[in-house]
A.B. asks: 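If you scroll down you'll find the structure; I have some questions about it.
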Amino acid sequence: MPEDAKRMYYVGICRICGTGPLGLRSCGGCGEVVVLCDECDAVWTDSHLEESPQPAFEVALPCPHCDACLSEPPSHWATRAEIDSCAWVSQGLESGEFELAEAQGFTPLPNPLQKKPPADGPGGGEQR
Amino acid sequence: MSRDAKAIANALTTVLRTGRGKLPTPILLGGIGLVAVYLLAEPWLEARWGVDLPGVATPSVATTQGERPAPRQTAEPTNSPSTAGGSRENGARHEGVDAFISSDRQVYTSPAGLRYTRGSQHGHRLRHLQAHLTDQPGRPIHGVFDTGNLTDAVALVDEAYRKATAAVDTRTRRPDGRTVHTVYLRRRIGYVGGQRGARDGLPAASHLQLVLQGDRLITAYPTIP
């Protein structure tokens, strides 16, 4: 189940798709903060955004540190406290390598992939 | 002689006839030369900038750095025939979006051969596409389709994909294992919303950007290049 729209801190616009904000994502598995494009799912482990992002996988969006899923809870957009405690982010901000901006991630919508309930009773579920 | 070359030749002949006797010869020849250069460059300029310039030629190939576009995808019947909706392409039956939504299948293949798989924050790429049917003012930039219908949006994406694979009205980049097509659809298809769009008055968009990995759609949305 996708998480609710929350405040997202981002450090620029993705050079891969050209439009997605590069949000700071906190991994629900290991707690590491990575850079995740909110539009095309490109993932970087730190501020070296000129390097190639993590290869895109067919379905999953694994954390480059621990393979936990970055797109589903408990992974979430990093809070200000998590950002402040992340060494590479703090260094990047102090050095002026990037600036922190604030926006919203995608707002969850009713699931169009949910099966219609059968005529004789409730049923169906999210197609995951 | 090709149709475009004939059109250019006719245009230059018209200029020559119009100016003969009215303009000094050097000026007339210079003008014909400029017109010829413009008409010859027009297809490249249209494809490069994604706009429709006045002239006689039609836009053609536009790939960056001389890259050849991906070969046209052959439609494969990855989904079993549905009982509701669908279309035929290349002899294969493709189910409609509505039928897929009602099914248990996890991979939707569009009539043009694009695969929508599970993934993204939304759980499925179809749902991610659906997120571009309405504005999200809190996002920095957010392309929004004019149509509020997911099936129509999928059809638009297919139209853009067909153009991209045929290298028509398309600018293509291939950053780090992904393919990004920016396709000019020659009409308004949506607008740019989000924070930037609101600031700029929700400008109209005639281009559709596709981000792909192979034949798998990552995302697609209206954009202004």
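Here is how names work: the chains are called A, B, and so on, in the same order as the sequence lines, proteins then strands, and each is numbered from 1. Source: prediction; values computed, not measured.
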A.B. asks: Quick check: do B/Pro137 and A/Gln104 have side-chain heavy atoms less than 4.5 Å from each other?
C.D. replies: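 No, their side chains stay 4.5 Å or more apart.
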A.B. asks: On a heavy-atom basis, which atom in A/Ile16 and which in B/Val180 lie closest, and how many Å separate them?
C.D. replies: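 Nearest heavy atoms, A/Ile16 then B/Val180: O-CG2, 3.4 Å.
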A.B. asks: State which residues pass side-chain contact (heavy atoms from CB on, under 4.5 Å) with A/Asp84; sequence neighbours excluded, sorted by chain then number.
C.D. replies: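 Scan of A/Asp84 (side-chain contact (heavy atoms from CB on, under 4.5 Å), adjacent residues dropped) gives A/Arg80.
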A.B. asks: What I'd like to find out is whether the side chain of A/Arg15 reaches to under 4.5 Å of the side chain of B/Asp176, using heavy atoms alone.
C.D. replies: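 Yes, close enough: below the 4.5 Å cut-off.
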A.B. asks: Please check: side-chain N/O of B/Arg139 versus main-chain N/O of A/Gly20, any donor-acceptor pairing under 3.5 Å?
C.D. replies: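 No: the side chain of B/Arg139 does not pair with the backbone of A/Gly20.
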A.B. asks: Pull out the residues in residues 37-46 of chain A that come under 4.5 Å of chain B, heavy atom to heavy atom, sorted by number.
C.D. replies: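 If one takes a 4.5 Å heavy-atom cut-off, the residues of residues 37-46 of chain A near chain B are A/Asp38, A/Glu39, A/Cys40, A/Asp41, A/Ala42.
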A.B. asks: Which heavy atom of A/Gly105 sits nearest a heavy atom of B/Gln136, and at what distance?
C.D. replies: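 Between these two residues, the closest heavy atoms are O-OE1, 4.0 Å.
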A.B. asks: If you draw a 6.0 Å radius around CD in A/Glu99, do more than 12 non-hydrogen atoms from other residues or ligands fall strictly inside?
C.D. replies: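 No, the 6.0 Å shell around CD holds no more than 12 heavy atoms from other groups.
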A.B. asks: Can you give me the closest heavy-atom contact between B/Tyr221 and A/Cys17, atom names plus distance?
C.D. replies: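 Scanning both residues, the minimum pair turns out to be OH-O, 3.4 Å.
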